[in-house]
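What you see is a predicted model; the values in this text were computed from it and never measured. Order of appearance sets the numbers: ligands from 1, and atoms from 1 within every ligand.
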Amino acid sequence: MSLQGKKILLGISAGIAAYKIPLLVRLLKKEGAEVQVLMTQNACQFVSDLTLATLSEKSVLSEIFPKSSQVSPTSWTCHVALGEWADLYVIAPATANTLAKLASGLCDDMLTATFLTMPATKPRLIFPSMDREMYRSRSVQRNMLQLVEDGCKIIEPESGELASGLIGEGRMPEPENIMASIHSEFQNMLQIDRLKNKRILITAGATREKIDDVRFVSNYSSGKMGFALAGEAAKHGAEVVLISGKTYLETPGGVKRIDIESAEEMFEEAKLYFEWSDVFISAAAVADYRPEKKIDGKFKKTTDSFELQMVKNPDILAHFGEQKKRNQIAIGFALESSDHLKHAQEKLIKKNLDVVVLNSPNIDGAGFEVDTNIVTILSKEGDIQEYPLMSKRDIATLILKKSSCFFDKD
Ligand code: C5P
């Protein structure tokens, strides 16, 4: 796929790897992309704006406020126009300082201000690059996590020799590899764009089943997978309703969120959207059972033991599967402790699903609470695809790509 006509913002901050960016600009231009370079003042120490302006065939922008000799009525609002104009924002190299600004919404130059004017539905690819210990520092890691939560894609730096002489992670990928990431981003967009204007209902997080007024039965689900799905789907123009259990996560941009506590509440809310939805993705860890009767007030500690009678909760996904029309898509998750594939395949059939995402809680870095997962995706056509450890956001892209296959190109 060529980049003909694609509009790319290229943000350069002051890492030594900036010296490789002119080559990236050449590669982008060769494929027909329009490139607007935004550069921090300090980045000009590493690479000349004249080189970048010549290669990109556009003036390089650094300051929000233009020099008085260059003022035109629109020149100081040009960061707003650029956010509207671009199809993609690439920031490479992204230094610790720039990551911190982007994560906290500071905007004191063109690179950072334009970042804020990019609508949340447009992709942002960030390539952190710095020395090993800086990269490992808690603040850099925290800021990267924040940016991922905000819907950006962080491409991890490569490991190798660093400018300081240290060896470790922190190297910016070579321009050819940055190009590969840009291509794969546009490829994903092309496929997932079939979900544009489709209505997607997503459940996320753990339900809480009350024992008394202060205690409940629940599980470790954080809601991260469901929120990543909601954010990615909205980014690609889908209408998204997200029904969520209690979580500290922020609602992704463009998503309508409904908060619930129990499985029964989730079921009641979900039913209201069953007819409406083109796709139902059930990412919630719904409690299978709830206490039969909630005790009024706080249960007193008067006996050595007590019994809690549990009754079955409604299976929300199975209900959707039962009543779904031919053109509605149902996607479920499976978390199995044994006979993984066999149970996932059974679930696919029993709940009348189109796709099942199987994950296992027994592997490091996968399952509840963490930002990564290892999944196998099974579809009703019988194909089974295993994937390595990936971020939940990348898994969300995979799942949405899979569901977009069910819709024709408009
Ligand atoms: O049958 P099991 O609970 O293992 O199936 C898991 C899938 O079913 C998940 O997608 C989960 O969100 C959904 N589910 C549901 N309602 C329940 C239990 C599970 O929608 N009561």
What protein heavy atom lies closest to [atom]? Include the residue and the distance to one decimal.
atom: atom 7 (C) of ligand 1; value: F333 O, 3.1 Å
atom: atom 16 (N) of ligand 1; value: I316 N, 3.1 Å
atom: atom 13 (C) of ligand 1; value: S282 OG, 3.4 Å
atom: atom 20 (O) of ligand 1; value: L317 N, 2.9 Å
atom: atom 4 (O) of ligand 1; value: K347 NZ, 2.4 Å
atom: atom 19 (C) of ligand 1; value: K351 NZ, 4.0 Å
atom: atom 17 (C) of ligand 1; value: V286 CB, 3.5 Å

Pull out every atom of ligand 1 sitting under 4.0 Å from any heavy atom of G332, numbered as shown with elements.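 Close to G332: 10 (O).
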If you count the atoms of ligand 1 from 1 in the order shown, which ones are under 4.0 Å from a heavy atom of D288?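 It comes down to these atoms of ligand 1: 3 (O), 18 (C).
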Should the pair [X]-[Y] be classified as a salt bridge under the 4.0 Å nitrogen-to-oxygen rule?
X: D371; Y: K392; answer: no
X: E161; Y: R171; answer: no
X: K58; Y: E34; answer: yes
X: D383; Y: K402; answer: yes
X: D193; Y: K196; answer: no

Ligand 1 versus L335: contacting region, heavy-atom distance under 4.0 Å: neither
What I want to know is whether A284 and ligand 1 share at least one N or O pair that is separated by under 3.5 angstrom.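 N/O-N/O distance below 3.5 Å exists for this pair.
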For the 3.5 Å polar cut-off, considering only N or O atoms, please tell me whether T203 and ligand 1 meet it. no
Is a donor on one side and an acceptor on the other found under 3.5 Å between the side chain of S218 and the backbone of T207?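 Yes, S218 side chain to T207 backbone: donor-acceptor pair under 3.5 Å.
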Heavy atom of A334, distance to ligand 1 below 4.0 Å: no
Touching ligand 1 at all, P314? Heavy atoms, strictly under 4.0 Å?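 Under 4.0 Å: yes for P314.
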Please state whether the rings of F274 and F280 are parallel, tilted or perpendicular, taking 30° and 60° as the class boundaries.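 Tilted: the ring planes of F274 and F280 meet at 30° to 60°.
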Using only heavy-atom distances, determine whether the side chains of Q141 and S139 contain a donor-acceptor pair under 3.5 Å. no
Within the 4.5 Å heavy-atom criterion, are L99 and P128 side-chain neighbours or not? yes
